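Worth knowing before you read on, the calculation uses all heavy atoms, side chains too, and leaves out hydrogens, waters and symmetry mates. Values in this document were obtained by computation on a predicted structure and should not be read as measured data.
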Amino acid sequence: QVQLVESGGALVQAGGSLRLSCAASGGPLRTYVMGWFRQAPGKEREFVATISWNGMKTVYGDSVKGRFTISRDNAKNTVYLQMSSLKPEDTAVYYCAAQWYNGVYLYYTGPYEYSDWGQGTQVTVSS
């Protein structure tokens, strides 16, 4: 099990950029598939992005493709989500998630596939 702490959430104007960080402790991050999800009030948790244990494979949700970039620095035990061209509909609590890499699946897109979660960080995009 790994502990995750997100940071970097803020209030930003539409069209702006923001970078979220997810710091992990309790285990080497290189053994985990990582993901970002978000949840707006009254909505289900939505897949944003995922990255393989070595950073070679990334997958994005349709609503953020081309605007968001997920990356990781295993030496720093940190995963990032660079967000650009932000829209008001990107407003949500953003969660970092981790799932131990079993040597088979490089990434996961479903929230129920992840075992460890951070507490979330609020991103608000004003119009």
Side-chain angles (χ1 to χ4, degrees):
Q1 192 173 13
V2 65
Q3 290 75 49
L4 305 172
V5 178
E6 303 95 334
S7 62
L11 171 64
V12 63
Q13 287 189 333
S17 299
L18 207 57
R19 188 176 82 158
L20 305 183
S21 299
C22 172
S25 60
L29 197 64
R30 67 180 182 275
T31 61
Y32 289 85
V33 173
M34 300 298 295
W36 284 96
F37 290 78
R38 67 187 183 185
Q39 189 164 18
K43 294 188 177 181
E44 293 186 352
R45 192 160 294 191
E46 177 188 8
F47 166 71
V48 175
T50 180
I51 187 167
S52 61
W53 68 275
N54 58 2
M56 296 298 290
K57 178 66 178 179
T58 58
V59 178
Y60 296 91
D62 289 341
S63 61
V64 306
K65 207 171 293 182
R67 300 187 298 122
F68 290 11
T69 302
I70 187 172
S71 62
R72 64 191 299 160
D73 185 338
N74 287 341
K76 295 183 177 179
N77 258 22
T78 303
V79 176
Y80 305 97
L81 184 69
Q82 178 67 47
M83 306 184 294
S84 60
S85 301
L86 283 162
K87 306 174 182 179
E89 50 263 44
D90 293 319
T91 295
V93 177
Y94 283 71
Y95 297 91
C96 176
Q99 175 59 38
W100 182 73
Y101 175 55
N102 61 7
V104 177
Y105 297 103
L106 292 177
Y107 63 89
Y108 300 101
T109 61
Y112 299 105
E113 297 175 301
Y114 289 85
S115 58
D116 303 317
W117 292 83
Q119 83 291 346
T121 186
Q122 177 70 46
V123 172
T124 302
V125 183
S126 64
S127 57

Check: S126 and L11 side chains under 4.5 Å, non-hydrogen atoms | yes
Those residues that, when tested against D116, pass salt bridge (charged side-chain N to carboxylate O under 4.0 Å, His left out) (two or more places apart) = none
State plainly whether one hydrophobic cluster holds both V93 and W117, where clusters connect Ile, Leu, Val, Met, Phe, Trp and Tyr through side-chain heavy atoms under 4.5 angstrom apart.
-> yes
Tell me the side-chain hydrogen bond (donor to acceptor under 3.5 Å, both in side chains) pairs involving residues 24-36, sequence neighbours left out?
-> none
Smallest heavy-atom separation, I51 atom then V33 atom, equals O-CG1, 3.6 Å
N74 side chain to V79 backbone, donor-acceptor under 3.5 Å | no
Set of residues satisfying side-chain hydrogen bond (donor to acceptor under 3.5 Å, both in side chains) with respect to D73, sequence neighbours excluded | none
For K65, the salt bridge (charged side-chain N to carboxylate O under 4.0 Å, His left out) test, sequence neighbours excluded, returns D62
Restricting to pairs with a member in residues 56-98, which pass ring pair (Phe, Tyr, Trp, His ring centres under 6.0 Å), not counting sequence neighbours?
-> none
Student check: side-chain heavy atoms of L29 and R72 closer than 4.5 Å = yes
Give every donor-acceptor pair under 3.5 Å between a side-chain atom in residues 12-24 and any protein atom, sequence neighbours left out.
none

Taking only residues two or more places apart in sequence, or in another chain, which ones meet S52 in a side-chain hydrogen bond (donor to acceptor under 3.5 Å, both in side chains)?
-> N54
For F47, the ring-ring contact (aromatic ring centres under 6.0 Å, His included) test, sequence neighbours excluded, returns F37
Go through the steps for M83 and V123 under the test side-chain contact (heavy atoms from CB on, under 4.5 Å), then give the verdict.
-> CA-CA 10 Å; M83 306 184 294; V123 172; 3.9 Å; yes
Residues in salt bridge (charged side-chain N to carboxylate O under 4.0 Å, His left out) contact with E89, at least two apart in sequence or another chain | none
Quick one: side-chain contact (heavy atoms from CB on, under 4.5 Å) partners of S85, sequence neighbours excluded?
-> R67
Under 3.5 Å, sequence neighbours excluded: what are the donor-acceptor pairs made by side chains of residues 96-109?
unit_1: Q99; atom_1: OE1; unit_2: S115; atom_2: N; d: 3.0
unit_1: Q99; atom_1: OE1; unit_2: S115; atom_2: OG; d: 3.2
unit_1: N102; atom_1: OD1; unit_2: V104; atom_2: N; d: 2.8
unit_1: N102; atom_1: OD1; unit_2: Y105; atom_2: N; d: 3.1

Point-to-point distance, once rounded to the nearest 0.5 Å, from OG of S63 to CG of D90 | 7.0 Å
Yes or no on side-chain contact (heavy atoms from CB on, under 4.5 Å) for V48 and L81, after CA distance, side-chain angles and deciding distance?
-> CA-CA 9 Å; V48 175; L81 184 69; 4.0 Å; yes
So which heavy atom on Q39 is nearest to which on K43, and how close?
-> NE2-O, 3.1 Å
Applying the 4.5 Å side-chain criterion to the ILVMFWY set and letting contacts propagate, would V2 and Y114 be lumped into a single cluster?
-> no
All pairs passing salt bridge (charged side-chain N to carboxylate O under 4.0 Å, His left out) where residues 45-58 contributes a residue, at least two apart = R38-E46
